[in-house]
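Order of the sequence lines sets the chain letters (A, B, ...), proteins ahead of strands, with each chain counted from 1.
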Number of protein chains: 2
Amino acid sequence: MSTQSVVTAIRVIEAVSDEQPVGLSELARELDASKATVLRALTTLEGLRWVEQNDSSKLWSLTAHAYAVAVRSGAMSTLRDIAIAPMNALQLATTETVHLAIPDGDILILAERLDTPHVLRAFLPLGSKIPLHASATGLAYLAAAEDAYIHRYFESSLDSVTERTLTDRTVLLDEIRAVRARGYSINEEGLSTGITSLGAAILGPGGDPLGSVSVSGPSSRIVPERYAEYGAAVHEAARAIGRAAAPGAR
Amino acid sequence: MSTQSVVTAIRVIEAVSDEQPVGLSELARELDASKATVLRALTTLEGLRWVEQNDSSKLWSLTAHAYAVAVRSGAMSTLRDIAIAPMNALQLATTETVHLAIPDGDILILAERLDTPHVLRAFLPLGSKIPLHASATGLAYLAAAEDAYIHRYFESSLDSVTERTLTDRTVLLDEIRAVRARGYSINEEGLSTGITSLGAAILGPGGDPLGSVSVSGPSSRIVPERYAEYGAAVHEAARAIGRAAAPGAR
DNA sequence: ACCACTGGTTCACTAGATAAACCAGTGGTT
DNA sequence: AACCACTGGTTTATCTAGTGAACCAGTGGT
C-alpha cells in the first residue's frame, strides 16, 4: 500500500471519529506516529474543512462537511433510495419503526429509519453500528450469507450487548437455520432491552445479501402472536427492495 | 496548505461522492490531476476501504465504511443527541415530520428526521443539502445569523428550487425581518412543491445559530391557521435544544 | 520550584509523490 | 476491417514534500 501520508490522514480521520473531541498527543500516541505528522494531517484536513479545532480546548473533531460528503456514498444512497418506498409501505402496515441496515465489514450500519407514531419508541441514531449476532437485521444478514462467511464471523468475539444477546455459537447456528426456514429473523431484546425486532435480508441478483430491513418496537407490542404477520411483511418488503435493486446492480 | 497528496486524496473522495460511480479518466479531468496521481489515491483509499470499484464497469464509488466513519462527526452527533428529546416532543405535539439541520458552509445538512405517522409524507433523505433561502430551516438560520453573514450569503446566486422559492433579495430580507419578529420562519412550497414548513434556529451560548429545527407537512395540513400554534412549538423546541446544548458547548 | 503533561515548531534526511509518455483493450464509424 | 477516440492502467526519471527526533513554551497539580 502506497501513499503513506494519505494513509495517516485517513487514519487520523477515523481516530478522530472514534474519539470525538481529541487532542494531538493522544492521537499521535494512538496512531503510533509523530506529533508533527499527525498535526500536519490535521491542519491539512482542517484546510479541507474535514476536521475543526475547538478554540479554547484545542481538541479536534470531525465537521459536518465530512458527514455531508460521506452520506452520499454509493452503497448507501442507491440502496436507500430504492428501499424508501417499500420501507414506507412496511412502516404503514406495521405502524412500527422500520430500519434499513447495510454491511460494513463485519457489522451493519443503520442507513435509514422510518419512525413509529407511537409515543413509546425505540430510538437508534442513524449510522449506529449494529453487531450481526445481536440484531434482527444482523441475524437476517448472516442467514443470507454463505456458510463460510458465517464461520469466519464466528471466529470473532461475540460480545453481549444486553443480557439476552445470543452469544453461543451453536444456539446462533440453530437460529440462523430457523431464519432460513421461516424467512425472517427474530431478535428479542438482544440489542436493546425492551425492544423486539423482526428482520429480513435484501438479496442481490446472485442471492448475496445487500443489507437488511427490520421492524422494531417495544416487546409489549411486538408479541409472538404477531411475529407471523409482521415477519411476512418484513420478508415481503425485503423482497421488493431486492427486486427493485436487481437491474441497477452496482 | 501542505500535504499535497492528502489534499488530492480528499478531493478524490469528494469528487467520487459528487459523481457517484465515476471512472478514472473523468476524475483526473475533473480534478485537473494526472491519472497516475488519481489512481494512486484511489488504490490507497481502496485499501482503506473508503472507495470501491465495480468489477465489471471499473467505476469507483464511496463505501458504506466512509459513511460509517463520518456519521459520527462531532458537530453532527453531539447536537443530534441533544436534539432528539425535544424533537420527539415536537413531533408528538404536531404529528408532522420534524427535521434537524446543521450548517456546512453556506448550506444546511439534514442531520436527523422524525417522521409523521400520516400516509401523506414529505420525504427528504438524511444528509440532503438544504439551501438557506429555500427552506424553513435555512430562513430561520439566516435570521439568526449576523447581518454580515446574510449579506455575504446574498452575494451568491440564489437559485430557485421550485417556482415558489424566494430569490429576490429584498423580499428575502423582509422575510428575515419577519422571522426575527415572530420567532419562527415559514416556507411555503419553496423547497418541494406541496410542502410547507415552519422552522426555528437553535441558538448557542453567544446567540450564534448552531442549526435549526422545522416541522414539515403537506400544505393541506400545515395551513396558515396553524402557523401560530406550530410555530410556537417549533420555537420552543429550538429553545429547549439550545438550552441543553449550552453547557457542553462543543 | 518542580514535574508531567499539553500543543506546536524546527530541521536534516530521504522516502515517496508527481507528470508525461506509453500500452492495451473496447465500442462506434466509415 | 481498418481506423478513431476513448477507456483503465503502467512505467520511469525527477525532485517535491513528508518524516521523526529533539526542542520550545504553556498549564495544572503537588
Side-chain angles (χ1 to χ4, degrees), chain A residues 1-63 73-75 247-250, chain B residues 1-63 73-75 247-250:
Chain A
M1 199 180 310
S2 50
T3 325
Q4 189 56 30
S5 67
V6 173
V7 173
T8 57
I10 296 289
R11 289 183 62 223
V12 165
I13 290 175
E14 305 201 350
V16 170
S17 162
D18 271 346
E19 314 287 327
Q20 232 21 292
V22 64
L24 172 62
S25 296
E26 189 182 338
L27 273 176
R29 213 179 306 120
E30 196 126 359
L31 299 175
D32 201 28
S34 81
K35 287 194 290 178
T37 304
V38 173
L39 184 63
R40 179 180 287 268
L42 283 170
T43 49
T44 305
L45 291 170
E46 185 179 33
L48 294 160
R49 299 185 28 244
W50 272 63
V51 301
E52 62 192 354
Q53 186 179 32
N54 182 309
D55 294 329
S56 55
S57 70
K58 300 290 182 186
L59 299 179
W60 299 85
S61 34
L62 245 57
T63 64
S73 68
R250 191 59 30 91
Chain B
M1 197 180 312
S2 52
T3 326
Q4 189 56 31
S5 67
V6 172
V7 174
T8 58
I10 296 289
R11 290 182 63 221
V12 164
I13 290 175
E14 305 202 349
V16 169
S17 162
D18 270 346
E19 314 287 326
Q20 233 18 299
V22 63
L24 172 63
S25 296
E26 188 183 338
L27 272 176
R29 213 179 303 120
E30 196 126 358
L31 299 175
D32 201 28
S34 81
K35 288 194 291 179
T37 304
V38 173
L39 185 62
R40 179 181 287 269
L42 282 170
T43 48
T44 304
L45 291 170
E46 185 179 33
L48 294 161
R49 297 186 29 245
W50 272 63
V51 301
E52 62 193 352
Q53 187 179 28
N54 182 313
D55 293 329
S56 55
S57 70
K58 302 289 182 185
L59 298 180
W60 298 85
S61 33
L62 244 58
T63 64
S73 67
R250 196 68 42 86

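- Taking every side-chain heavy atom of B:S5 into account, C:dA17 is the closest of D:dG9, C:dA17, C:dG7.
- Heavy-atom nearest nucleotides on DNA chain D were determined for A:A33 and for B:W60, and the one closer to the 5' end corresponds to B:W60.
- The residue from B:N54, B:V16, B:L59 that alone fulfils the side-chain contact (heavy atoms from CB on, under 4.5 Å) condition with B:P21 is B:L59.
- Contact annotation: the side chain of A:W50 approaches that of B:I13 to within less than 4.5 Å [non-hydrogen atoms, C-beta and beyond].
- Taking each heavy atom of A:E52 and A:L62 in turn, the nearest pair found is OE2-O, 4.3 Å.
- When the P atom of C:dT18 is taken as reference, atom CG of B:L31 falls 12 Å away, rounded to whole Å.
- Residue B:L45 contributes atom CG, which lies 12 Å from atom P of C:dA17 at whole-angstrom precision.
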## Note on the structure
The dot-bracket string of DNA chain D, counting Watson-Crick and G-U wobble pairs with both distances under 3.5 Å, using [ ] for crossing pairs and | for pairs to another strand, is ||||||||||||||||||||||||||||||
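- Between the CZ atom of B:R11 and the C1' atom of C:dT18 there is a distance of 15 Å, rounded to whole Å.
- Taking 4.5 Å as the limit, every side-chain heavy atom of B:T8 sits out of range of all side-chain heavy atoms of B:L31.
- Rounded to an integer number of Å, the gap from B:L24 CG to C:dT26 C1' is 16 Å.
- Counting heavy atoms from C-beta outward, B:E14 and B:I10 have side chains that approach closer than 4.5 Å.
- OP1 or OP2 of D:dG18 has not a single side-chain nitrogen or oxygen of A:T37 nearer than 4.0 Å.
- Across D:dT19, C:dT10, D:dG18, the shortest atom-to-atom separation from the side chain of A:Q4 is found for D:dT19.
- The side chain of B:A36 approaches C:dA20 more closely than any other nucleotide in the set C:dT18, D:dG8, C:dA20.
- For the pair B:Q53 CD and D:dT7 P, the computed distance is 15 Å after rounding to whole Å.
- For A:K35 and D:dG20, a side-chain-to-base donor-acceptor distance below 3.5 Å is absent, hydrogens and geometry of angles not being considered.
- In this structure, CG of A:L39 is placed 13 Å from P of D:dG18, rounded to the nearest angstrom.
- Between A:L27 and A:L42, the closest side-chain pair of non-hydrogen atoms falls below 4.5 Å.
- Distance CG (A:L42) to C1' (D:dG18): 15 Å, rounded to an integer number of Å.
- Judged by distance alone, with hydrogens and angles left aside, B:K58 brings no side-chain donor or acceptor close enough to the base of D:dG8 to form a pair under 3.5 Å.
- Of the listed nucleotides (C:dG8, D:dG8, C:dT6), C:dT6 has the atom at the smallest distance from the side chain of A:R29.
- Whole-Å rounding puts the B:L27 CG to D:dG9 C1' distance at 14 Å.
- Relative to the side chain of B:R40, the nucleotides C:dT18, D:dG20, D:dG9 differ in distance, and C:dT18 lies closest.
- Applying the salt bridge (charged side-chain N to carboxylate O under 4.0 Å, His left out) rule to A:R29 yields no partners; only residues at least two apart in sequence or on another chain are considered.
- Annotation: side chain of A:V12 is not in contact with side chain of A:T44 (no heavy-atom distance under 4.5 Å).
- Nearest nucleotide to the B:S34 side chain, out of D:dT7, C:dA19, D:dG18: C:dA19.
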